[in-house]
Amino acid sequence: MSDRELIDLRSDTVTLPTEEMLEAIKHANLGDDVYAEDPTVNKLQELAAEKVGKEAALLVASGTQANLTSLMSNCNRGELVFLEAESHIYWYEVGGISAIAGLLPWPIKAPNAAFEPQQIEDALRPRSISFPDPKLICVENTHNRYGGKIISPNQLEAISDVAKKHSLKLYMDGARIFNASVALNIDVKEFTKHVDNLMFCLSKGLSCPVGSIIVGNKDFIERARKIRKVLGGGMRQAGIIAAPGIIALEKMIDRLRLDHENAKLLGQRLAKIKGINLDLKNVQTNMVTFDLDPSIDCDDFLLRLKENGVLTSAQSKNKIRLVTHRGIEKEHVETTINAIERILSKN
Ligand SMILES: Cc1ncc(COP(=O)(O)O)c(C=O)c1O
C-alpha cells in the first residue's frame, strides 16, 4: 500500500488545501507584506481580529513562530513564564522560550489542561532581588498532549482573575481554539475575552497549507510585527498564504463538528477493545488518546497498524494518539477500528 492511500491519523496538520483554497491562491491580490501592503494579508488580519474580538492580528508562518513571537512581545528577557508542564511550548518548540526569547519557563502540571488558580498562587514567589520577575501565564486550548481537552470559559476566567490580581498577562496557545468553540457550541469570543492575546493555527483542522495568526491589542501586535521580522518571518507576497486563510475562517470552522463526531465514534468503539485503556470523558474534540496494555509492544502495534493501512503515532511509551480531520470519513473510522480489533485479538 502506498503512503498516499494510508488513513493518516497522526495529526490534523496533514490536511491538504481544498480546491477552493487553491483557486483563491491563484487569484489572490498581492503586495509586499513587509511594507504591510499585501491586501489579502490585511483582509485576513482584519477578519481574524474581528472574529476573536481583539484589536489587531498578524499572520505568521507557523504555530511555533506564533508562540515564540508572542512570548517575546509579551515579555522582556529574563522574566518568568508560567506554563503547563505538558504544553506544546514546553515540549515541542525546541526550547525557543529559553534559547531565543531568554525567558524562564516555570512548568506547572495541570492534567485537566486548566490550572487551578491556587496553583498559580502557590508557584508565585515574592518579588525579590534574587528571583526573576513573573510576567506571563500561558494556557493551551485545546490541549494537545492531553488529547484535545478543552479549557472552558469559566476556567479561563478564574485564571484571568489570578493573573490580574498579580499583574501578570495571560496568553493562550489557541492552535485549536475553534475546536473548543465548536465542541461547546459557543462563540470563540467567550474564550478569547479572558486572555490578553492568543494565537491560532490555520494549518491544522482548518485545512490551510501554511500559517498561524497572532491576535491582541494594537501595541502588542506592533511589537510582534517587529519581532516576527527579527525571527526571519517577514514575508513578502504572503497573500498566497492569506487567501486560503480567509476561506478557512469563513467556511472551515463549522465542519470541525464532523471531526469531533468521528473522534467520539472512534473513542466509543476503541474503549470496548481488550488491551486498550481509554477514558471517554477525555475525548472532547478531534483527538483520541489511549494507553495500550503494557504487555503489548507499542512499536510492533504501530507497525502492524501501518501494514493494515492506518498511520498513527505514540505520544509516549504505549500512549497512542489518533487525530481526526478533513479527509477522514466515517468509513476510515470503521476501517481503523476493524484493524485495531484484528491486531489486538491476535495478542
Ligand atoms: C497546541 C499547539 N501549539 C503549537 C503548535 C505548533 O504549530 P506548528 O506545527 O505550526 O509550528 C502545535 C502543533 O501541533 C500545537 O499542537
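Note that ligands are numbered from 1 as they come in the structure, with each ligand's atoms numbered from 1 the same way.
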Checking the side chain of Asp33 only, and the main-chain atoms of Ala36 only, is there a donor and an acceptor separated by less than 3.5 Å? no
What pairs with Thr335 under side-chain contact (heavy atoms from CB on, under 4.5 Å), at least two apart in sequence or on another chain? Ile7
If a pair satisfies salt bridge (charged side-chain N to carboxylate O under 4.0 Å, His left out) and one of its residues is in residues 259-271, list it, with sequence neighbours excluded. Arg255-Asp259, Arg269-Glu334
What residues sit with at least one heavy atom under 4.0 Å from ligand 1? Ser62, Gly63, Thr64, Asn67, His88, Glu93, Glu140, Asn144, Asp173, Ala175, Arg176, Met199, Lys204
For residues 233-240, tabulate all N or O donor-acceptor pairs below 3.5 Å that involve a side-chain atom, not counting sequence neighbours.
| residue | atom | partner | partner atom | Å |
| --- | --- | --- | --- | --- |
| Arg236 | NH1 | Asp32 | OD1 | 3.3 |
| Arg236 | NH1 | Asp32 | OD2 | 3.2 |

Begin from the C-alpha positions of Asn144 and Arg321 and carry the test side-chain hydrogen bond (donor to acceptor under 3.5 Å, both in side chains) through to its verdict. CA-CA 10 Å; Asn144 183 339; Arg321 186 186 78 164; 2.5 Å; yes
Check for a donor-acceptor pair, side chain of Gln65 on one end and backbone N or O of Ala61 on the other, with a separation under 3.5 Å. yes
